[in-house]
Amino acid sequence: DTGVSQNPRHKITKRGQNVTFRCDPISEHNRLYWYRQTLGQGPEFLTYFQNEAQLEKSRLLSDRFSAERPKGSFSTLEIQRTEQGDSAMYLCATQERAEDTQYFGPGTRLTVL
Amino acid sequence: KNEVEQSPQNLTAQEGEFITINCSYSVGISALHWLQQHPGGGIVSLFMLSSGKKKHGRLIATINIQEKHSSLHITASHPRDSAVYICAVRFNGGATNKLIFGTGTLLAVQP
């Protein structure tokens, strides 16, 4: 257990539904990252928060995806109108300082039917 | 071409063998990470390197900045070392500290 928690751990949804995932960071970590990992691949960067500010978004993050970190603590990632191609593991990682390692949560595995 | 490449993609070893996993990257970096991922998804950071060599137990990580290459070594391998090992880099000049990942090396250590 790294101290980073993610909920739910698994989500099965039908195509076209909206889903929301939550990440709770280690309390003193002000940097938060979302990554997506598909089967057999390494994770890919989606978006980055420093405190409550979303400072970078990947072009992988289409307009169906939105992420928030309203009080600089927990973060949510919402996917609207899910597609089968959204099926993946969604990973959250947090970091205290720029030069530190990143601590990963257990991930949320999304399956879109 | 991926910016971070790992080899081999798959590796099967017998218990006790010395294992080497390699990682090459294309441009200047500020740090390189070696990560371990077990079935079910959880990722654990093993090492973060910007130069030289680090050792933790049976694991050794080295990096050659000039050659843009890093290796992860496992001595006296054990079946519990079976996992996916992922190399990830933080490139110089990025506005954030996002990591760019290799595709991973699936290691199976047989008893």
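Note on naming: letters A, B, ... go to the chains in the order of the sequence lines (proteins, then strands), and numbering restarts at 1 for each one.
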Tell me, for A:Gln50 versus chain B, whether the close heavy atoms (under 4.5 Å) come from the side chain, the backbone, both or neither. neither
Do [X] and [Y] land in one hydrophobic cluster if side-chain heavy atoms of ILVMFWY residues count as linked below 4.5 Å?
X: A:Leu77; Y: A:Tyr103; result: no
X: B:Ile65; Y: B:Phe47; result: yes
X: B:Leu59; Y: B:Trp34; result: yes

Under a side-chain separation threshold of 4.5 Å, the hydrophobic residues clustered together with A:Leu113 are A:Ile12
Among residues 21-35 of chain A, residues within the sub-4.5 Å heavy-atom range of chain B, in order of number, are A:Arg31, A:Tyr33, A:Tyr35
Separation of A:Gln37 CD from B:Gln37 CD (nearest 0.5 Å): 4.0 Å
Measuring heavy-atom distances to chain A, does B:Leu35 have an atom under 4.5 Å in its side chain, in its backbone, in both, or in neither? side chain
Please list all pairs passing the side-chain hydrogen bond (donor to acceptor under 3.5 Å, both in side chains) test where one or both residues lie in residues 45-55 of chain B, with sequence neighbours left out. A:Thr101-B:Ser45
Residue pairs meeting salt bridge (charged side-chain N to carboxylate O under 4.0 Å, His left out), one or both in residues 58-72 of chain B, sequence neighbours left out, come to B:Arg58-B:Asp81
Residue pair A:Phe104 / B:Ile43: nearest heavy atoms and the distance that separates them: CB-O, 3.5 Å
Looking at every non-hydrogen atom in both residues, tell me the closest pair between B:Lys98 and A:Glu56 and how far apart they are. NZ-OE2, 2.6 Å
Chain B contacts, top residue of A:Asp1, A:Thr2, A:Asp100 (heavy-atom pairs, under 4.5 Å): A:Asp100
